[in-house]
Amino acid sequence: MVSLHPAAAVCGPEPPLCLLPVASFCDDASPSISRALIIVAGGGRSLDWSPLRIAAALQAQAGGRLVHRLFHGGARGADQAIAAAAAQLGWPAEEI
């Protein structure tokens, strides 16, 4: 089962950090035990947040739930800072 968190999109006209809707995956046999999120994050050239600040925003978005994987664009700058933040949190990150 896949559900999208209704308040997960954090994007404005020119957002410093854009988090797409969070997909939550759970096993129908034991939904209270196996829940994980997949997060897609990206930022523009104007993102001047530190990896620590990005990590705090990502952690707030996850709301204490397990993160199965974080996807980012892999470009220099914002995407690399997002990857560094994911590494600080111990989350698996993948370039798309």
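Below, each value reflects all heavy atoms present in this structure, side chains not excepted, and no hydrogens, waters or symmetry copies. Residue indices begin at 1 and follow the sequence shown.
Using a 4.5 Å heavy-atom cutoff, the side chains of L70 and L89 are not in contact. Put simply, the side chain of Q88 reaches to within 4.5 Å of the side chain of L52, judged on heavy atoms. Put simply, the side chain of F71 reaches to within 4.5 Å of the side chain of I38, judged on heavy atoms.
For the atom pair CG of L58 and NE2 of H72, the computed distance is 11.0 Å after rounding to the nearest 0.5 Å. Note that CD of Q61 is 8.5 Å distant from CG of L37, once rounded to the nearest 0.5 Å.
Scanning both residues, D79 and A41, for their nearest heavy atoms gives OD1-O, 4.2 Å. The two residues G43 and I82 have their closest heavy-atom pair at N-CD1, 3.9 Å. Heavy atoms only, all atoms of each residue included: A78 and G44 are closest at CB-O, 3.5 Å. Closest of all the heavy-atom pairs between A86 and A93 is CB-CB, 3.9 Å. The two residues V67 and A62 make their nearest non-hydrogen contact at CG2-CB, 3.9 Å.
A donor-acceptor pair is defined here as one N or O able to donate and one able to accept, closer than 3.5 Å; no such pair exists between the side chain of R53 and the backbone of S50.
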